[in-house]
Number of protein chains: 2
Amino acid sequence: MTETQTRKKWKQDPEAVQANILAAAAEEFAEHGLTGARVDEIAARTRTSKRMIYYYFGDKESLYRQVLEEAYRKVRSEEASLDLTSLPPLDALRKLVEFTFDHHRANESFIRLVMIENVHKGKHLAGSPLIARVNASAIERIEDICARGQKDGSIRSDVSPHELHWLISAASFFNVSNRFSFGISFDKTLFTHDGQQRLRELTCKAVIEAARKPM
Amino acid sequence: MTETQTRKKWKQDPEAVQANILAAAAEEFAEHGLTGARVDEIAARTRTSKRMIYYYFGDKESLYRQVLEEAYRKVRSEEASLDLTSLPPLDALRKLVEFTFDHHRANESFIRLVMIENVHKGKHLAGSPLIARVNASAIERIEDICARGQKDGSIRSDVSPHELHWLISAASFFNVSNRFSFGISFDKTLFTHDGQQRLRELTCKAVIEAARKPM
DNA sequence: GACACAATTAACCGATTGGTTCATTACAAG
DNA sequence: CTTGTAATGAACCAATCGGTTAATTGTGTC
């Protein structure tokens, strides 16, 4: 009899309870921020009680920390499914930009958690050993593209993978994070389906042109 | 005797008190967000009392609204001092990008207020008639560059001023807003003096290449 | 100087909220 | 069946916090 099967027979299932709390907390924190989130509300979203939150997570801030880590872990592991090694460098780069742009749009609550954490100046991310590790793969992916492109002459030799990643992230992140203020202040049509297609294409071209070696 | 001189002699000076409250509130809201900000703390930063805050501004949320409006008003009016009309279109565009990049870096607390407002999904910006008006000049500036560039053939005819503005804003905003999480997750050196110079130049090139008409 | 009203102060309050106490139940081991 | 321990529920609490009450002072007007 496997561990899992054993667990299934238990009425008590601590791991499921913790996962349930984490999911409920992620929703509440993403929606209202660290200070705006209410522990009672998190408890209400849960199949268990407020007491259990403190039993397993200690206090609100520790819970928030774990929610953040879990969000990063989940998002980066989704990204890892993208395989670009078989494509020519510039095609791989385009595919990476398109993927990143779409992926950010599809994960608004992750974006919101990162926004919130930046309002807190990264205080809760700072001490986490998990974060650097989990983000490393994103850099490796673009480093690989750059290395291959510099080898075959399609990408400029002075381009930096970190800078390129910064540009891709900036466009993809801002597109989601600031769409409210930007839409209100300037142009709502940029956030319709058509507008988003155009911004996606604009981002692709801007990134590719920044990387491409002129002939 | 001028109005101002008259006021100087008064012991009571309602306008100064309101401005003082607004300034204190801006600091506190930018630092801690809408829910994180404490009215008592705003009062403490003030030369007056908590009662006065409610006397002049009604409640916390109305105060926040006015702080936001005031921040937009101030930042956009600073930007208005930039005159680009005498430069060739692509030179004007470069100068605009450089200015925007630097200006965002120099106004972190405005960036923070906008981040916070986006966490709140733009709810407090939405109803404000001032916002659209005050932001119009930013678009007009880049529309002028595009129009001139399309006329003299230096800028592509299918480029959209709104999209270009989006790209400039994305890079310049993200550079400040996400520097904590990005620095921790990826590369702190991008946020040193040298790193920022490189990102500024990268942004310039990316924007200009997106706009330039190929020869 | 009396009056009307705007500006200001100090003390207060009820609701919310993060966190706790304590008693009870579920479970594996001997 | 007993016993030690992990998991859980219900009620509770002290502190915080947005907002208020009520009484006081300053200022221009007649």
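From a predicted model like this one, the values you see are computed outputs, not experimental measurements.
The base of C/dG19 has none of its N or O atoms less than 3.5 Å from a complementary donor or acceptor on the side chain of A/Lys60.
Rounded to whole angstrom, the span from the CE atom of A/Met52 across to the P atom of D/dA10 amounts to 11 Å. Atoms OH (B/Tyr56) and P (D/dG19) sit 19 Å apart, rounded to a whole Å. Rounded to a whole Å, the CD atom of B/Gln18 is 11 Å from the C1' atom of C/dA7. As rounded to whole Å, 13 Å separates atom P of C/dT20 from atom CD1 of A/Ile53. One interatomic measurement links the two molecules: CG of B/Asp40 to P of C/dC13, which rounds to 16 Å at whole-angstrom precision. What separates CZ of B/Phe57 from P of C/dA7 is a distance of 12 Å, to the nearest Å. In this structure, CG of A/Asn20 is placed 14 Å from C1' of D/dT8, rounded to the nearest angstrom. B/Tyr54 has its OH atom 13 Å from the P atom of D/dT21, to the nearest Å.
When side chains are defined from C-beta on, B/Ile142 counts as touching B/Ile168, because their heavy atoms get closer than 4.5 Å. A/Phe186 is not listed as a side-chain neighbour of B/Trp166, based on a closest heavy-atom distance of 4.5 Å or more.
Among the atoms of the strands shown, only primed sugar atoms or phosphate atoms (P, OP1, OP2) are found under 4.0 Å from some heavy atom of B/Ala37. No engagement by B/Ala43 is indicated, since no non-hydrogen atom pair under 4.0 Å with the nucleic acid exists.
Distance from the side chain of A/Arg51 is smallest for C/dC22 among the nucleotides D/dA6, C/dC22, C/dA6.
Taking the six-membered ring wherever Trp is involved, the centroid distance between the rings of A/Tyr64 and A/Phe29 falls below 6.0 Å. Between B/Phe180 and A/His120, the gap from one ring centroid to the other reaches at least 6.0 Å.
Regarding contacts with the backbone of D/dT8, every side-chain N or O of A/Thr48 stays at 4.0 angstrom or more from both OP1 and OP2. Using a 4.0 Å cut-off, some side-chain N or O of B/Arg38 falls inside it from OP1 or OP2 of D/dG18. In terms of phosphate contacts, A/Ser49 brings no side-chain nitrogen or oxygen within less than 4.0 Å of OP1 or OP2 of D/dT8.
Test B/Lys60, B/Lys50, B/Arg51 against B/Asp40 for salt bridge (Lys or Arg N to Asp or Glu O under 4.0 Å) and you get one pass: B/Lys50.
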